[in-house]
Amino acid sequence: MEEDGEFRCWDELIPDALGLIFNNLSLQEILTVIPRVCKSWQRVVSGPYCWQDIDIEQWSQQCRPETLDRMLQMLITRSSGSLRKLCVTGLPNGQSFSFIADNAKSLRTLRLPRSEINDSVVEQVAGRLSSVTFLDVSYCKNIGAPALEAIGKHCKLLIGLRRTMHPLEVVGKLSQDDEALAIATTMPKLKQLEVAYLLISTEGVVKILENCPELELLDVRGCWNVKLDENLVKKFSRLKVVGPLVVDYFGMKGWDDCSNYSGSSGYLAWDFVAGDVGIDYDDVISDVDWEDDQSIEDVEMRFYDGFDLENAAFDWPLSP
């Protein structure tokens with residue numbers, strides 16, 4: 001573009017600025033389109049500038065376990081220790097969880113719903129998650145009180161916990177008050193706690209209230225055994241209790257600062273998922289693809305309207 005007789009050299013912007021701009025794009029565009037624009041943009045997406053916040057929660061719902069493992073390893077490695085937020089659904093094994101913990105020195109928000117992790121794995125790696133302030137282990141049916149206790153003991157900065165369950169996942173269990181006790185005894189700084197459909201009793205919730213004085217949001221929807229006395233709740237002036245009556249479960253997003261996430265990385269059956277991009281993805285676009293004197297001004301860019309997001313993989317516009 002030209003303004004006042006001068007060109008804007010987008011390829012000369014500092015990497016941090018480009019990273020902020022690229023974060024407004026989808027995961028697919030960052031990985032498959034941006035690297036092909038120019039070498040400087042390729043270097044930015046290959047470095048940590050785009051990967052301090054990694055949100056592949058929606059994308060990971062539809063991919064194969066081995067594909068998810070490869071994607072996590074690639075993106076977390078690119079973050080170079082600067083990872084602050086990670087949202088992913090369905091970790092397939094404890095090895096993936098351990099890899100995340102090994103690169104979690106700057107991690108603040110960790111969302112791992114529907115993951116195949118167990119008490120033993122969590123107890124082993126919890127010590128490496130000490131910087132985490134918000135944790136989502138909803139629908140993780142293989143963990144219980146031992147895992148929560150380990151998290152509470154090691155994650156001293158934790159202020160938000162989401163431990164929501166599906167009603168069918170607690171069928172056959174008599175009580176989960178041991179989880180409530182683990183939360184009460186190890187997480188005194190909690191401000192947000194979501195335990196919808198957990199099989200806890202009034203006594204378990206009272207224990208939490210007594211030991212977590214800073215609590216501001218308590219979600220107990222679907223916890224039918226909980227009967228909180230109104231006078232007890234009034235003692236906590238900043239506390240908002242939701243439930244146990246279920247009014248609009250899926251409308252509940254929790255705190256924006258803790259649990260809000262972008263849906264920009266929705267599932268797309270693009271090259272990576274199709275298997276064309278392997279461990280050596282970073283080598284696919286090599287420097288030989290670019291002439292040394294080629295700049296972004298030489299690249300023709302076109303923008304398209306009416307893009308079909310639902311069938312994105314099969315609806316790419318034809319190349320000019």
Side-chain angles (χ1 to χ4, degrees), residues 27 48 51-166 169 176 178-179 182-183 186-187 190 193-195 198 254 258-259 261 265 267 272-273 279:
L27 179 68
W51 311 114
Q52 294 179 356
D53 294 357
I54 299 176
D55 182 355
I56 56 173
E57 189 165 347
Q58 291 189 350
W59 174 83
S60 58
Q61 292 177 13
Q62 304 290 338
C63 71
R64 297 185 299 271
E66 61 274 15
T67 303
L68 177 56
D69 273 341
R70 289 162 50 209
M71 178 68 86
L72 279 174
Q73 290 180 21
M74 182 180 73
L75 299 186
I76 293 176
T77 299
R78 288 187 181 189
S79 72
S80 302
S82 64
L83 182 63
R84 298 176 304 192
K85 178 180 179 181
L86 175 63
C87 305
V88 56
T89 293
L91 281 185
N93 50 59
Q95 185 176 358
S96 299
F97 188 42
S98 182
F99 179 76
I100 292 170
D102 287 339
N103 295 271
K105 64 180 182 179
S106 300
L107 192 61
R108 297 291 182 269
T109 299
L110 180 58
R111 294 172 53 96
L112 303 172
R114 297 181 176 85
S115 292
E116 296 297 325
I117 54 178
N118 55 42
D119 289 332
S120 176
V121 170
V122 174
E123 289 174 320
Q124 292 175 25
V125 307
R128 286 171 273 165
L129 299 172
S130 58
S131 64
V132 171
T133 60
F134 179 82
L135 178 66
D136 183 351
V137 286
S138 296
Y139 316 113
C140 297
K141 58 182 181 296
N142 296 326
I143 66 172
L148 295 180
E149 184 176 352
I151 291 167
K153 286 181 177 179
H154 293 284
C155 303
K156 298 298 184 181
L157 302 177
L158 196 67
I159 62 172
L161 175 67
R162 178 175 292 173
R163 178 66 176 133
T164 299
M165 299 298 290
H166 190 280
E169 293 171 334
Q176 291 174 294
D178 56 342
E179 294 193 24
I183 293 170
T186 65
M187 305 179 188
L190 280 184
L193 177 60
E194 300 176 44
V195 289
L198 214 62
C258 292
S259 55
Y261 62 95
S265 58
Y267 168 62
F272 189 97
V273 181
I279 298 300

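Numbers for residues simply follow the sequence, beginning at 1.
- Using a 4.5 Å cut-off on side-chain heavy atoms (C-beta onward), Trp51 and Thr77 make no contact.
- Between the side chains of Asn118 and Ser120, no donor-acceptor pair is found at a separation under 3.5 Å.
- Note: Leu110 CG to Arg84 CZ = 15.0 Å, rounded to the nearest 0.5 Å.
- Looking at Ser98, its side chain never comes within 3.5 Å of a backbone N or O of Val125 through a donor-acceptor pair.
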Would you sort out whether Ser79 and Gln52 count as a side-chain contact (heavy atoms from CB on, under 4.5 Å), showing the intermediate values?
CA-CA 6 Å; Ser79 72; Gln52 294 179 356; over 6 Å; no
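- The shortest side-chain heavy-atom distance between Ser106 and Leu83 does not fall under the 4.5 Å cut-off.
- No side-chain heavy atom of Ser138 sits less than 4.5 Å from a side-chain heavy atom of Glu194.
- The shortest side-chain heavy-atom distance between Ser96 and Asn93 falls under the 4.5 Å cut-off.
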Apply the test side-chain contact (heavy atoms from CB on, under 4.5 Å) to residues Lys141 and Arg114: give CA-CA distance (whole Å), side-chain angles for both, the deciding distance (0.1 Å), then the verdict.
CA-CA 8 Å; Lys141 58 182 181 296; Arg114 297 181 176 85; over 6 Å; no
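- A heavy-atom distance below 4.5 Å is found between the side chains of Arg163 and Cys140.
- Contact check for Val137 versus Val122: no side-chain heavy atoms found under the 4.5 Å cut-off.
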Per-pair distances, 0.1 Å, donor-acceptor, side chain in residues 147-159, under 3.5 Å, sequence neighbours excluded:
{"unit_1": "Glu149", "atom_1": "OE2", "unit_2": "Lys153", "atom_2": "NZ", "d": "3.1"}
{"unit_1": "Lys156", "atom_1": "NZ", "unit_2": "Lys153", "atom_2": "O", "d": "3.2"}

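- Ser131 approaches Arg108 most closely through the heavy-atom pair CB-NH1, 3.1 Å.
- Note that the CD atom of Gln73 and the CG atom of Leu68 stand 10.0 Å from one another [nearest 0.5 Å].
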Going through the distances and angles, do Glu179 and Val195 end up as a side-chain contact (heavy atoms from CB on, under 4.5 Å)?
CA-CA 10 Å; Glu179 294 193 24; Val195 289; over 6 Å; no
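- Taking CD of Glu123 as the reference point, atom CD1 of Ile143 lies at 11.0 Å (rounded to 0.5 Å).
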Might you work through the side-chain contact (heavy atoms from CB on, under 4.5 Å) test for Leu72 and Ile56, ending with a clear yes or no?
CA-CA 9 Å; Leu72 279 174; Ile56 56 173; 3.9 Å; yes
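- A donor-acceptor distance shorter than 3.5 angstrom exists from the side chain of Ser80 to the backbone of Arg78, with no hydrogens or angles considered.
- Checked by atom type and distance alone, the side chain of Ser60 pairs as donor or acceptor with a backbone atom of Thr89 at under 3.5 Å.
- Residues Leu135 and Leu129 are not in side-chain contact: their nearest non-hydrogen atoms beyond the backbone lie 4.5 Å or more apart.
- Separation of atoms CE (Met74) and CD1 (Ile54) is listed at 9.0 Å; rounding is to 0.5 Å.
- Between Leu75 and Leu86 there is no side-chain heavy-atom pair separated by less than 4.5 Å.
- Between Lys85 and Asp53 there is no salt bridge, since none of the side-chain N atoms of the basic residue sits less than 4.0 Å from a carboxylate O of the acidic one.
- With rounding to the nearest 0.5 Å, the separation of CG in Asp136 from OG1 in Thr109 is 10.5 Å.
- Residue Leu190 holds its CG atom at 11.0 Å from OG1 of Thr133, rounded to the nearest 0.5 Å.
- The stretch residues 87-98 participates, sequence neighbours left out, in no salt bridge (Lys or Arg N to Asp or Glu O under 4.0 Å) pair at all.
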